[in-house]
Amino acid sequence: MRIGTFAVLAAFLLLGGCPGPIYESRRLEAIRTESARLMAAYVVDPVQPWGELPRSEWPPAIASVHPENVFVQREQVRIIVVPFFDGGWGYEVTPRKENLGMLTECYEHLRDGVFWHGPC
């Protein structure tokens, strides 16, 4: 009986620990708009092409998905919700699908320019 109870609790923990994307079009559009502003304002550093945005500078819609990290590049914003060694879970916002950081099969297209990914 104890093993069964433990197994059920462990299953709930594992399933509940894997985040999923939001599907609300208004929020996704806000994330896309905020990301476009961040990309436009990003100053390219040839030594470090990715800039980590400090938590204090996260725009409201991006902050609303409770990310661990937000990285900005000229053509892409990565919003990492749960970090993991092979990409983790999160959003990538880019005007061009070719800019995605992982294989296309790793992504779910949510809205124009907004993609969700899990570890891949």
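A distance of 4.0 Å separates NE2 of His117 from CD1 of Ile80, quoted to the nearest 0.5 Å. Atom-to-atom distance recorded for Arg78:CZ and Thr94:OG1 is 10.0 Å, nearest 0.5 angstrom. Here Glu52 contributes atom CD and Glu57 contributes atom CD; the two are 11.0 Å apart, rounded to the nearest 0.5 Å. Atom-to-atom distance recorded for Leu100:CG and Cys106:SG is 9.5 Å, nearest 0.5 angstrom. Between the CD1 atom in Ile79 and the CG atom in Leu53 there is a gap of 10.0 Å [rounded to 0.5 Å]. We find the CE-CZ distance between Met102 and Phe115 to be 12.0 Å, quoted to the nearest 0.5 Å.
Side-chain contact check for Trp116 versus Leu28: every heavy-atom pair is 4.5 Å or farther apart. Side-chain contact between Arg27 and Ser64: present, with at least one pair of heavy atoms (C-beta onward) separated by less than 4.5 Å.
The pair Arg32-Glu29 meets the salt-bridge criterion, with a side-chain N (NZ, NE, NH1 or NH2) lying under 4.0 Å from an Asp/Glu carboxylate O. Taking a cutoff of 4.0 Å between a charged side-chain nitrogen and a carboxylate oxygen, Arg96 and Glu98 qualify as a salt bridge.
Checking side-chain atoms of Tyr91 against main-chain N and O of Ile22 turns up a donor-acceptor pair under 3.5 Å. In this structure, Glu75 contributes its side chain and Asn99 its backbone to no donor-acceptor pair below 3.5 Å. Of the possible polar contacts, one joining the Arg74 side chain to the Met39 backbone as a donor-acceptor pair under 3.5 Å is found.
The environment of CG in Asp112 is sparse: at most 12 heavy-atom neighbours from other residues, nucleotides or ligands sit within 6.0 Å.
Annotation for Gly118 and Trp89: closest pair CA-CD1, 3.7 Å, computed over non-hydrogen atoms. Of all heavy-atom pairs between Ala61 and Ile31, the closest is O-CG1, 3.8 Å. A pairwise comparison of heavy atoms in Pro67 and Val70 identifies CG-CG2, 3.9 Å as the closest pair. Of all heavy-atom pairs spanning Leu110 and Pro21, the tightest one is CD1-CB, 3.9 Å.
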side-chain contact (heavy atoms from CB on, under 4.5 Å) between Val93 and Leu38, intermediate numbers included = CA-CA 11 Å; Val93 183; Leu38 291 173; over 6 Å; no
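Identified under the ring pair (Phe, Tyr, Trp, His ring centres under 6.0 Å) test for residues 21-57, with sequence neighbours left out: none.
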